[in-house]
There are 2 protein chains.
Amino acid sequence: MAATLHDVARVAGVSIKTVSNVINDYPHVRPETKERVLAAIAELGYRPNLSARNLRSGRTGMISLIIPNLRNPYFAELADDVMNAASARGLSVLIEQVGGDRESELSVLRGSRRQAVDGILYSVLALGQEDAAVLDEIPLPMVLLGERIFNSSRDHVTMRNEDGLRAATEHLLAIGCRRIIALGSHPGEVIGSAGLRLDGYLQALDAAGVPVDERLIVHADRWHRVDGAAAMRSILAAGTEFDGIVAFNDSLALGAMRIMQEAGLRIPQDVAVIGFDDLDETRYSVPTLSTIEPGRPQIAETAVDMLLARIEERASAESSPAEPREVLTDFRLVQRESTTRAAGAPGSSGL
Amino acid sequence: MAATLHDVARVAGVSIKTVSNVINDYPHVRPETKERVLAAIAELGYRPNLSARNLRSGRTGMISLIIPNLRNPYFAELADDVMNAASARGLSVLIEQVGGDRESELSVLRGSRRQAVDGILYSVLALGQEDAAVLDEIPLPMVLLGERIFNSSRDHVTMRNEDGLRAATEHLLAIGCRRIIALGSHPGEVIGSAGLRLDGYLQALDAAGVPVDERLIVHADRWHRVDGAAAMRSILAAGTEFDGIVAFNDSLALGAMRIMQEAGLRIPQDVAVIGFDDLDETRYSVPTLSTIEPGRPQIAETAVDMLLARIEERASAESSPAEPREVLTDFRLVQRESTTRAAGAPGSSGL
DNA sequence: TTCAAAATTTACAACGTTGTAGATCGATGG
DNA sequence: CCATCGATCTACAACGTTGTAAATTTTGAA
């Protein structure tokens with residue numbers, strides 16, 4: 001069916017190894033031989049069989065990206081960034097979705113596709129400290145994204161969750177908010193994004209001398225728009241007073257804004273809102289949403305580089321692996337309409 | 001490093017073929033042997049090497065999904081649907097993004113990852129009739145998604161572009177719109193989604209006896225929110241009068257709504273808007289967006305099934321391949337606030 | 001012209017798996 | 001007790017590639 005090295009060799013009148021040498025740019029091939037081989041390759045439309053090459057080399061040129069769900073725009077944008085970074089380095093990306101619960105994350109990590117990739121980029125969601133040992137067992141290079149599992153021997157690329165959320169909270173304080181809802185907490189969580197972001201919120205309040213009101217710390221297990229909407233409905237039902245919202249991600253903020261608007265609250269006049277992630281859609285919502293840009297492209301680039309380094313480290317010497325590294329990316333506060341209270345805020349017509 | 005069949009065989013005291021037989025559920029293995037082998041597999045943490053298996057079997061268990069861009073929510077949701085359908089059938093999905101221009105689509109189609117997958121799901125964007133021959137040359141099973149390339153010998157799974165857009169237009173006519181903008185046309189295109197959808201629009205106007213006004217057919221090369229916003233700005237600048245918009249996809253509609261709201265136009269009171277695709281976010285926008293639900297999960301399921309059938313057809317006999325099939329999925333009009341003009345429309349508070 | 005060194009090419013053996021064909025073993029039936 | 005059959009297991013040869021080591025050719029200097 002498809003042409004192989006043997007076919008090309010026969011047509012070119014050389015050995016298969018010479019064909020292989022031409023393909024791999026081995027230096028000692030006579031120019032005229034090379035030409036003949038290339039002609040044969042073109043004639044037959046030969047393409048190397050990747051399974052065979054992988055079997056021989058032990059490398060597949062693929063990495064997997066484990067994320068909860070592509071419908072979540074944050075992960076779709078992350079996947080895009082990762083695929084761009086990977087393809088610039090000659091790698092393909094196999095995306096694997098996990099349900100977002102601990103069981104399914106563990107089962108994917110242990111899953112059989114493991115044998116098909118050189119390494120794993122793993123966006124941790126449901127695992128915690130107690131699972132660090134499991135991660136260390138996986139016999140593949142792996143880089144953790146956007147999360148901090150304590151004591152794991154894996155490399156991390158992490159955004160500045162605390163600092164980012166503190167900056168967001170400080171921004172709301174600066175424009176005059178005093179009763180600021182923290183939207184998206186996970187009760188009891190310390191290490192994950194929710195725990196860290198809550199910490200940033202508390203730090204900012206503390207620094208400003210604003211007392212913490214437990215009723216303003218609002219739980220949301222998952223961080224989709226629908227969860228932000230649901231949370232806002234119960235906040236309104238409970239009658240809690242508030243004048244600002246710092247949402248732990250943009251989707252929560254967008255969902256909450258929708259419900260507030262239905263209830264007749266004006267943004268930012270009655271309630272200022274800021275999110276986290278800088279999704280594309282924060283530029284198009286009504287009003288546009290202020291947010292923390294967490295350095296996502298940088299996360300993707302750095303993570304792919306680190307993973308590639310681990311893969312190469314493993315391939316070369318038996319030397320002991322380098323120490324696990326943790327990289328924190330730079331964040332940036334992006335102010336848009338949802339926190340712009342100056343008179344004549346643009347785009348508020350009709351609102 | 002990683003355990004192989006040989007290692008397992010040694011530990012279990014059997015031949016490698018017996019281990020292979022156990023793994024592949026070959027029936028004639030004594031229960032006690034099987035047990036011993038399974039114990040050895042567990043002890044060593046053995047996992048089959050997929051490269052070797054693929055080399056031997058000629059199958060990889062992977063299909064690639066070629067789409068323009070994951071940041072486009074339509075394709076993110078499609079990818080999610082495809083991955084779910086594929087994983088239910090034991091397949092993994094390799095997503096490949098193409099720039100959206102003809103050159104990059106062709107180069108990805110011819111690209112070397114071809115050898116790594118059993119088949120291709122290809123969401124055509126920039127190719128047309130003149131490229132049908134190129135598609136036929138690709139020596140891999142392939143199913144085309146959401147598009148109709150005439151005369152290609154490939155299977156298609158297509159949404160009802162014309163019917164859907166005609167229904168959308170009829171809906172606007174039914175609620176009283178008379179000057180309806182068709183947003184997203186590609187001048188000169190006949191076969192692609194834009195051409196078909198424009199056709200649906202024209203059919204609906206024709207059937208209702210509403211004259212066509214060329215100024216109401218608005219071009220938009222790409223179909224992202226930003227393009228919808230840009231198009232709406234020029235419409236407003238041109239001073240064209242209109243009372244309804246049928247956008248060729250949801251993103252265009254959302255972008256256009258944003259600009260209309262900035263300009264003080266009320267939706268749906270001044271302008272009713274309907275989109276196409278039923279993105280998740282149409283349920284959360286302000287106002288929520290009426291749209292055509294094109295049967296995306298059905299598209300994904302059907303396409304994966306058809307591709308699998310082609311892969312198996314190829315693997316088995318040398319019999320001549322089955323005739324190319326074209327499947328049209330069912331669509332559904334989803335009415336939301338953006339076309340609901342009845343008094344007391346919900347959710348319009350503040351707007 | 002001759003010979004060593006360099007350049008070029010080749011044969012062969014892996015990589016880890018599964019299909020084929022055949023070997024071994026026990027039980028069955030005559 | 002032996003031929004036969006099915007059940008169970010095994011040896012071997014692929015699949016298409018690349019590394020190793022060795023064979024062959026060419027080159028350049030003596």
Side-chain angles (χ1 to χ4, degrees), chain A residues 1-38 40-41 44-62 112-118 139 314-316, chain B residues 1-38 40-41 44-62 112-118 139 314-316:
Chain A
M1 177 68 58
T4 73
L5 281 185
H6 288 89
D7 302 321
V8 177
R10 194 167 354 92
V11 170
V14 296
S15 76
I16 59 165
K17 191 61 222 282
T18 297
V19 180
S20 170
N21 287 339
V22 169
I23 290 167
N24 295 288
D25 274 329
Y26 179 75
H28 301 305
V29 178
R30 260 214 314 259
E32 65 222 58
T33 311
K34 184 166 182 172
E35 207 170 318
R36 209 141 36 93
V37 170
L38 290 175
I41 288 176
L44 297 174
Y46 168 78
R47 311 233 114 218
N49 178 311
L50 294 185
S51 293
R53 182 176 276 182
N54 298 342
L55 173 59
R56 191 50 238 226
S57 68
R59 300 248 319 238
T60 65
M62 279 195 290
S112 69
R113 272 294 146 189
R114 253 174 42 184
Q115 289 283 347
V117 297
D118 296 331
R314 208 168 81 125
S316 62
Chain B
M1 178 69 56
T4 74
L5 280 186
H6 288 89
D7 302 320
V8 177
R10 195 166 353 94
V11 170
V14 297
S15 76
I16 59 166
K17 190 62 222 278
T18 298
V19 180
S20 171
N21 286 340
V22 170
I23 291 168
N24 295 289
D25 276 328
Y26 179 76
H28 301 307
V29 179
R30 257 211 319 256
E32 65 223 57
T33 311
K34 183 167 183 174
E35 208 170 316
R36 210 143 35 93
V37 170
L38 290 176
I41 287 177
L44 296 174
Y46 168 79
R47 311 231 116 220
N49 178 310
L50 293 184
S51 294
R53 182 176 276 180
N54 298 341
L55 172 60
R56 193 48 240 228
S57 68
R59 302 248 318 238
T60 66
M62 280 194 290
S112 69
R113 272 293 147 189
R114 256 173 40 185
Q115 288 283 347
V117 297
D118 296 332
R314 209 167 80 125
S316 63

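Every chain is numbered from 1, with letters handed out A, B, ... down the list of sequences.
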Whole-Å distance between [N] [atom2] and [X] [atom1]?
X	N	atom1	atom2	value
A:H28	C:dA5	NE2	C1'	13 Å
A:N49	D:dA14	CG	P	17 Å
B:I23	C:dT17	CD1	C1'	9 Å
A:K17	C:dA14	NZ	C1'	12 Å
A:R53	C:dA14	CZ	C1'	17 Å
B:R10	D:dT10	CZ	C1'	17 Å
A:L5	D:dC15	CG	C1'	12 Å
A:N24	D:dG16	CG	P	17 Å

Has [X] got a side-chain N or O lying under 4.0 Å from the OP1 or OP2 atom of [N]?
X	N	result
B:R30	D:dC9	yes
B:S51	C:dG16	no
B:S20	C:dT18	yes
A:S15	C:dT9	no
B:T18	D:dC9	no

Exercise. Taking the nucleotide of DNA chain D with the closest heavy atom to each, which residue, B:N21 or A:H6, is nearer the 5' end?
Worked result: B:N21
Problem set entry | Earlier contact from the 5' end, DNA chain D, for A:Y26 and A:L55 |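 Going by which nucleotide is closer to the 5' end, it is A:L55.
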For this session: Give A:T33 one of three labels, base, sugar-phosphate or nothing, depending on what nucleic acid heavy atoms sit under 4.0 Å from its own.
Result: sugar-phosphate
Problem set entry | Interatomic spacing from CG in A:L55 to CG in B:N49 - rounded to 0.5 Å |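 Interatomic distance, A:L55 CG to B:N49 CG, rounded to 0.5 Å: 6.0 Å.
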Problem set entry | DNA chain C: 5'-proximal contact among A:I16 and A:P31 (nearest heavy atom) |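 Its nearest nucleotide being more 5', the pick is A:P31.
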Problem set entry | Heavy-atom side-chain proximity of A:V19 to A:V22 below 4.5 angstrom | no
For this session: Would you check if A:Y46 and A:L5 make a side-chain contact, meaning some heavy-atom pair closer than 4.5 Å?
Result: yes
For this session: Kindly determine whether B:V8 and B:V14 satisfy side chain to side chain contact (heavy atoms under 4.5 Å, CB included), including the steps that lead there.
Result: CA-CA 8 Å; B:V8 177; B:V14 297; over 6 Å; no
Exercise. Below 3.5 Å, does any donor atom in the side chain of B:R56 face an acceptor in the base of C:dT18, or the other way round?
Worked result: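 Such a pair exists between side chain and base.
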Exercise. Any side-chain donor-acceptor pair under 3.5 Å between A:T60 and A:D118?
Worked result: yes
